[in-house]
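Take a look at the structure below.
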Amino acid sequence: MSRYSAAEIEDKWQTAWDQAGIFRAARTKDKPKYYVLEMFPYPSGRIHMGHVRNYTMGDVIARYKLSTGHNVLHPMGWDAFGMPAENAAMASGGHPKDWTYGNIKDMRDQMKPLGLSIDWSREFATCDPEYYGQQQALFLDFLKNGLVYRKNAVVNWDPVDMTVLANEQVIDGKGWRSGAEVERRELTQWFFKISDFSADLLDALDTLDNWPAKVRLMQENWIGRSRGLQFGFERTDGGDPIEVYTTRPDTLMGASFVGISPDHPLARDLAETNPEVAAFRAECAKGGTTEEALEKAPKMGLDTGLKVRHPLNPDWELPVWIANFILMDYGTGAIFACPAHDQRDLEFARKYDLPVTSVYVPAMGEEGTFIPPEEGGPAYVPPKPETVRYVNGFAGAEAQTAHEAINAAIALCEENGVGHGVTKYRLRDWGLSRQRYWGCPIPVVHCDTCGVVPEKKENLPIELPYDEDGSPIDFSIPGNPLDRHPSWRDCTCPACGAKARRETDTMDTFVDSSWYYARFTAPRADTPTVMAEAEYWMNVDQYIGGIEHAILHLLYSRFFARAMNICGHLPDTAREPFDALFTQGMVTHEIYQTRDAKGRPVYYLPEEVIEFIGKDGKKRAFDAQKFGEGPNAAAQLAQFHMEGKLAEHDLLEIIPSAKMSKSKKNVVDPVNIIGAFGADTARWFVLSDSPPERDVEWTAAGAEAAYKHLSRVHRIVAGITTEPTEAATPEADDALLREMHKAIDDVTKGVESFGFNAAIARLYAFTNTLAKAQAGAAAKAQAARALAQLMSPMTPHLSEELWQMLGGEGLVAHAPWPLADPGMLVEDSVTLPIQINGKRRAEITVPRDMDKAEVEKAALAQNAVIRALDGARPKKIIVVPGRIVNVVL
RNA sequence: GCGGGCGUGGUGGAACGGUAGACACAAGCGACUUAAAAUCGCUAGAGCAUAGCUCGUGCGGGUUCGAAUCCCGCCGCCCGCACCA
């Protein structure tokens, strides 16, 4: 084959890999195992460039590890349950199952041409009954072990679609699909007891050295540990004390009132006899539970008329208010307010004319004018706790800092029998019930006599019904089809055998993705996992996915691994499932945009515009239809622009680095790219230019350049194998082989440290070296074989082809990774830059091991140095061996 | 509000505290060609009095023989969390 033909090459080598079965993973003691996993895709129907980037990175690691003698597990599956399938069924008829499996087939067909080193024999979809049946088994085990329970909870309810919405699905207080005003509704829901693991999930973050610091920090904040004082306020009417939790007991002497949540049991009790309280609670119940809705809500309150005694001064009475800004599910649902040092409390106190008393004032000398909160200033939160003056504290006058004051306050209160110090977490239990069809059914039964009864394991899987008594399930009716499906819903009680109702809620799809990594170790087993397999393959050595999963998916998976360990489905060593995590950036693409008469954006496809270089040298774009296409359209436009004949408003705006989206017409379909240039080009491009954790901008020019480079490599190697040997010197051979070893060293380090862009830059440089080398045929062939190997994780098909052309043995995918010879990495002589006062002025080439004094002498003999010294003696000469010389005047 | 990150040529980006701009894109010039494409070669941070010098990694300071890199203070952009007591 004389020319680079990606289509032929890629087809040929994919078949060869298949036949050799080299990506099939099985346990063995001969080699160390390596489990590399990319976050599995949702089967939307099309793969996109983000998938290509994600799976290519995983594939680079997988193939590299294969070459370095590891037993590699690199599986792929489908996160297949979820709302889009139901929405598609609602929009265009059909069934979510057909839609989903059709999409999986399409996406698999689109993915396979990428040439990923995946063990497809382990593939599964989470909507396979064999998978979700095992998930139901897990649920029952969790139930037995007290890891899942039922309780009432306030949720976002869409009254039109008749389902619970996740917070992300509520936009401006309205359902994202129906547009209906969302209600807060109380429902009985299933919850995972993730909050039992708060401390462990937080503390164990410290052990995840190979996770991005950013992700660990995000999880830390999400779990949200705080240390504070919990105590009871005694009521003057003799009722049960009101328990409050505070992280600021140091401000107790600035207390103004006690506030309780509208959902607090006391507020509920009062509402039964007091219509005003009932009305206030109803008012607060309006609006969604989203942060957005809460933030916009003004502070509202109602004085209950109740009074409590200050814990440190029984004569001091404080009023009890119901306030809408107090959350029932944090702390105790009740607070004491110190308006002087808390902005929310201050807003509330101002609105209802409650007292404001400072405990702190700024230290002497602190800058800026200070208006005490009492006199209308903002709440004073000490900017630097160490500079604060503690003026109104209780026996805590010796406290120098706010932090000390807090600890002193906790200690003092404990001594006086007022409450105790406690640690609280922000993390709440995970509500998993969804009123949807296309999810994993929760395997329990509701019986009038026995209550909630778990299904028997032998009845699993509780399979979703495909049709309803012969006719397809109708998804055009709002609500959950399972609810109105009598023959599925009605069942017998597993305990007493009486007539009972099946639970019709299904599980949150995050449950499906919380343990799939474990299932891949034994995907066909009739238990959730097989201990021997899990012990061998777990943990995932390298997990790769998007930063958008930094919290929920990764936190849930960490919880699930612990819970599965408790139930005997994972070994103790797999309580943290992902040893290393890498979060990759997006693939973006520029947008061509203009605005219509009403100022709304209008987008253009790349083929609808003509690009040209403007008079300022920057890229411009023009509506192709308006101009008319022609062979010289771009040149003409550039000319017109130069002459000022184009009105600015006729030019399209070019917005770089935008997330790919259909509506913005900037999607690049991988299938088209593979068709035009081949998979190796797509893989090479998404890895080059940008560091993998950062976004990479897709450009047509960049893709073409990648293709040209691969063609060039093919051409160079073809030249080496066919052209007659030129006269070569041993020096040229040696120089080339030294460069080869340096390239091996650099590329290996790049691949191991996720420096793919740097590795690729290094491969470009090495290719240039090889192309220009004056070495003999044997040395060139040796260097070319190394090049083929070093490229093989990124461009596996081309590398196989080159390997074959160069007479390499077997498959390059199986060939041992080349090793850099340390002796070849060091040169006999080094070139040192000579600085004068830190500025580079000259350079000298000296033997590598020349001693410092000699180097100094050589440096001082340089013309530039002599000129600069002008006869004077240098103050100091710094010689960093092998690095630099700095002459200080 | 709290927490974190980033700022380097026309562009994407390199650079253990040690020659700033590797590698690539876009651009320009040249070779080959009837021509174009492809390919190959060369140029390229800015400026100037051009064997060389000055300036230059958002801005202002500091530490250091030496700072894109470390420290302090600003400015700008991005991300996460948020009536969390």
Side-chain angles (χ1 to χ4, degrees), chain A residues 212-215 217-222 224 226 228-229 244-249 251 259 261 291-292 294-299 323-327 329-338 342-345 347-348 379 381 424-428 547-548 550-551 613-614 616-619 631 656-657 685 688-691 694-697 699-706 708-709 711-712 715 755 757-768 771-772 831-843 863-864 867 874-880 882-889:
Chain A
K214 183 188 168 89
V215 174
L217 190 69
M218 280 164 73
Q219 293 220 350
E220 190 180 320
N221 292 337
W222 185 264
S226 69
L229 179 74
V244 302
Y245 170 73
T246 180
T247 55
R248 297 299 305 279
T251 62
S261 164
E291 299 109 48
E292 218 180 346
L294 290 169
E295 190 156 355
K296 282 176 189 157
K299 301 268 180 301
N324 66 336
F325 70 92
I326 300 165
L327 306 173
D329 42 12
Y330 188 79
T332 61
I335 62 160
F336 89 87
C338 175
D342 184 295
Q343 193 59 38
R344 295 156 305 174
D345 294 353
E347 279 169 36
F348 192 86
V381 182
K424 291 225 186 270
Y425 296 88
R426 210 185 71 100
L427 184 66
R428 326 244 182 95
I547 187 76
E548 67 272 20
I551 299 175
I613 302 298
D616 53 2
K618 296 203 175 180
K619 195 165 69 172
S657 311
F685 179 83
S688 54
D689 288 345
S690 279
R694 234 182 282 179
D695 290 351
V696 64
E697 170 116 30
T699 64
E704 201 159 323
K708 282 183 188 173
H709 175 71
S711 305
R712 179 168 177 247
R715 198 161 51 240
N757 57 324
I760 284 187
R762 195 62 187 79
L763 286 166
Y764 269 107
F766 182 48
T767 305
N768 290 340
K772 286 179 187 164
T831 300
L832 298 179
I834 311 292
Q835 293 183 331
I836 295 168
N837 285 340
K839 292 204 158 96
R840 181 182 169 279
R841 282 295 122 98
E843 60 180 39
N863 277 333
R867 226 181 306 126
K875 246 188 223 159
K876 200 173 177 185
I877 301 176
I878 286 142
V879 178
V880 183
R883 277 252 156 239
I884 206 163
V885 180
N886 192 10
V887 181
V888 184
L889 298 183

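These numbers were taken from a predicted model, which means no experiment stands behind them. Chain letters run A, B, ... following the sequence lines, proteins first and then strands; every chain starts at 1.
Here G41(B) is the nucleotide among G4(B), C81(B), G41(B) with the atom lying nearest to any side-chain atom of K772(A). When each of C81(B), C84(B), C65(B) is scored by its nearest atom to the side-chain atoms of W222(A), the top-ranked nucleotide is C81(B).
Between the P atoms of A68(B) and U50(B), the separation comes to 29 Å (whole Å). For U69(B) and C16(B), the C1' atoms lie 11 Å apart once the distance is rounded to whole Å. Spacing between C70(B) and C79(B) at atom P, rounded to whole Å, works out to 24 Å. Comparing the P positions of G30(B) and A36(B) gives an interatomic distance of 12 Å, to the nearest angstrom. C6(B) and G58(B) are spaced 12 Å apart, taking the P atom of each and rounding to whole Å. For the C1' atoms, the distance linking G80(B) with C48(B) amounts to 49 Å, nearest Å. Spacing of P atoms, G62(B) relative to U57(B), comes out at 16 Å, to the nearest Å.
Both cation-pi conditions hold for K299(A) and F325(A): the charged atom is under 6.0 angstrom from the six-membered ring centre and inside a 45 degree cone around its axis.
Between the side chains of S226(A) and Y245(A), a donor-acceptor pair is found at a separation under 3.5 Å.
Consecutive Watson-Crick or G-U pairing (both distances under 3.5 Å) extending over three or more pairs maps onto RNA chain B as B:1-7 with B:75-81, B:10-12 with B:23-25, B:27-31 with B:39-43, B:45-48 with B:52-55, B:58-62 with B:70-74.
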Next on the checklist: Generate the contact string for nucleotides 19-28 of chain B. Rules: B means base contact, S means sugar-phosphate contact only, - means no protein heavy atom under 4.0 Å.
Outcome noted: B--BSSSS--

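When rounded to the nearest whole Å, the span between CD1 of I551(A) and P of A82(B) equals 8 Å. What separates CZ of R248(A) from C1' of C84(B) is a distance of 14 Å, to the nearest Å. Atom CE in M218(A) sits about 13 Å away from atom P in G5(B), given to the nearest Å. Note: CD (Q343(A)) to P (C83(B)) measures 16 Å, nearest angstrom.
In summary, of the residues considered (L889(A), N886(A), V888(A)), a side-chain contact (heavy atoms from CB on, under 4.5 Å) with I836(A) occurs for L889(A) alone.
Checking A334(A) against N221(A), the closest nucleotide of RNA chain B that is more toward the 5' end is the one next to N221(A). Mapping I335(A) and N886(A) onto RNA chain B by nearest heavy atom places N886(A) closer to the 5' end of the strand.
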Close N/O contacts between protein and nucleotides 45-55 of chain B (under 3.5 Å):
| unit_1 | atom_1 | unit_2 | atom_2 | d |
| --- | --- | --- | --- | --- |
| U54(B) | OP2 | R841(A) | NH2 | 3.0 |

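Using a 4.0 Å heavy-atom distance criterion, S690(A) is classed as a sugar-phosphate-only contact. Residue contacts for V880(A): at a heavy-atom cut-off of 4.0 Å it reaches a base atom on one of the strands shown.
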